[in-house]
Protein chains: 2
Amino acid sequence: MNIGKAAKLSNLTIKTVRYYANIGLVKPEQNISSGYREYTDEEVAKLKFIGKARKFDFSIDECKELLSLYEDKNRTSKEVKKITLEKISQIDSKLNDLKDLRNELSFLASNCHGDDKPNCPIIDELSKN
Amino acid sequence: MNIGKAAKLSNLTIKTVRYYANIGLVKPEQNISSGYREYTDEEVAKLKFIGKARKFDFSIDECKELLSLYEDKNRTSKEVKKITLEKISQIDSKLNDLKDLRNELSFLASNCHGDDKPNCPIIDELSKN
DNA sequence: CCTTTACTCTACCCTAAGGGGAAAGTGTAT
DNA sequence: ATACACTTTCCCCTTAGGGTAGAGTAAAGG
């Protein structure tokens, strides 16, 4: 099938599918005379797999790893779990950073009257030495 | 003072300071004969201000807004608080997304034995239609 | 005065993951 | 033959700078 159908079936945009072909993630045959990419059902399955992994916030590089484990029938579940746990710990660290940030900002906001006068503790904090 | 000292005093890199000059955020005079940028104490204060705002996760555009409020002695604290509250709500929405993601991933990981066998619920989930 | 060393300049390419659009070719239906 | 849908490659754009090259400038030492 052509790229339009492959994109529709995998719920990706054509741009995204073409990008994955360019970086060698899912590289379909290309018709010699027309140059059109020709996707197999298996390739569409890979596209779907990547789409799901991307929704789980895996980077393209991580998707590449996961995809090769997906294709490797001799993989161990240990390898897959390792990548997943790493991603969880990345998320945890981002969560902590964001929580800290939120606390600081909300402390600043709570101290600001938010009225029509110019004096503002938020500006003061940002101006502090 | 030259850019090196300005960068040191503001705890920014030279690249960053030069970038801010290029985008017109903090644009010092430039010596005509040498081309060297010449920073005043006031400009260094602005750089520090921006550095702090950036640490609070404000984008460059938001910094531009904050900086103009910082310079405007007729500002109202209402305006500053508004930007801050918007940033907090952006952070909240990111926090929610990340928490959801973490739950899903940790559910997947907890169902995966993580042993030497190839069958893996994580891969299964990513392969689901 | 000359040289070394430190500092600065502009200009270019790079990041992640595509999005937008142009210009040109291809496929199909009427 | 023509209209319309689909696809191709190519190029620029996004954030907030980082890295490097080549060249010019400033200050210190001999």
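Here is how names work: the chains are called A, B, and so on, in the same order as the sequence lines, proteins then strands, and each is numbered from 1. Quick caveat, the model's predicted, so the values are computed rather than measured.
Here the nucleotide nearest the side chain of B/Tyr20, chosen from C/dG27, C/dA17, D/dG17, is D/dG17.
Defined by atom type and a distance below 3.5 Å, a donor-acceptor pair is present between the side-chain atoms of B/Thr76 and B/Glu79. A donor-acceptor contact closer than 3.5 angstrom links the side chains of A/Asp115 and B/Ser77.
Taking only side-chain nitrogens and oxygens, B/Thr16 comes nearer than 4.0 Å to OP1 or OP2 of D/dG18. The shortest distance between the side-chain N/O atoms of B/Thr13 and the OP1/OP2 oxygens of D/dG17 is not below 4.0 Å. Contact check, B/Tyr19 against D/dT15: no side-chain N or O comes under 4.0 Å of OP1 or OP2. OP1 or OP2 of D/dT9 lies within a sub-4.0 Å distance of a side-chain N or O belonging to A/Gln30. Of the side-chain N and O atoms in A/Arg37, none sit less than 4.0 angstrom from OP1 or OP2 of D/dT7.
If you check every strand for non-hydrogen atoms under 4.0 Å, A/Arg18 touches a base. Across all strands, A/Ile14 comes closer than 4.0 Å only to sugar-phosphate atoms, never to a base (heavy-atom distances).
A/Leu108 and B/Ile50 fall within the same hydrophobic cluster, defined by Ile, Leu, Val, Met, Phe, Trp and Tyr side-chain heavy atoms under 4.5 Å apart, directly or through other members.
Atom C1' of nucleotide C/dA16 and atom CD1 of A/Ile50 are separated by 16 Å, given to the nearest angstrom. Following rounding to the nearest Å, A/Asn31 (CG) and D/dT9 (P) show an atom-to-atom distance of 12 Å. Protein atom CG of A/Asp61 is 12 Å distant from nucleotide atom C1' of C/dT15, rounded to whole Å. Note: NZ (B/Lys15) to C1' (D/dA21) measures 11 Å, nearest angstrom. In this structure, B/Phe58 places its CZ atom 17 Å from C1' of D/dT15, rounding to the nearest Å. Rounded to whole Å, atom C1' of C/dA6 lies 19 Å from atom CE of B/Met1. Distance B/Glu38 CD to D/dA26 C1': 13 Å, rounded to the nearest Å. Across the protein-nucleic acid pair, B/Leu25 atom CG and D/dG17 atom P stand 10 Å apart, rounded to whole Å.
For B/Tyr36 against D/dG24, a side-chain-to-base donor-acceptor contact under 3.5 Å is present.
Considering all non-hydrogen atoms of both residues, B/Arg37 and B/Ala21 come closest at NE-CB, 3.7 Å.
The distance from the NZ atom of A/Lys64 to the CZ atom of A/Phe58 is 16.0 Å, given to the nearest 0.5 Å. Rounding to the nearest 0.5 Å places CD of A/Glu65 at 14.0 Å from CZ of A/Arg75.
Taken over five-pair windows at either terminus, the axes of the helix from C/dC1-D/dG30 to C/dT30-D/dA1 are inclined to one another by 30° (rounded to 10 degrees).
Between A/Lys46 and A/Glu43 no salt bridge is recorded (no basic side-chain N to carboxylate O distance below 4.0 Å).
Summary of the strand contacts: B/Asn2 and B/Arg54 both lie near DNA chain D, and taking for each the nucleotide with the nearest heavy atom, the more 5' one is attributed to B/Arg54.
The closest donor-acceptor contact from the side chain of B/Lys81 to the backbone of A/Cys112 lies under 3.5 Å.
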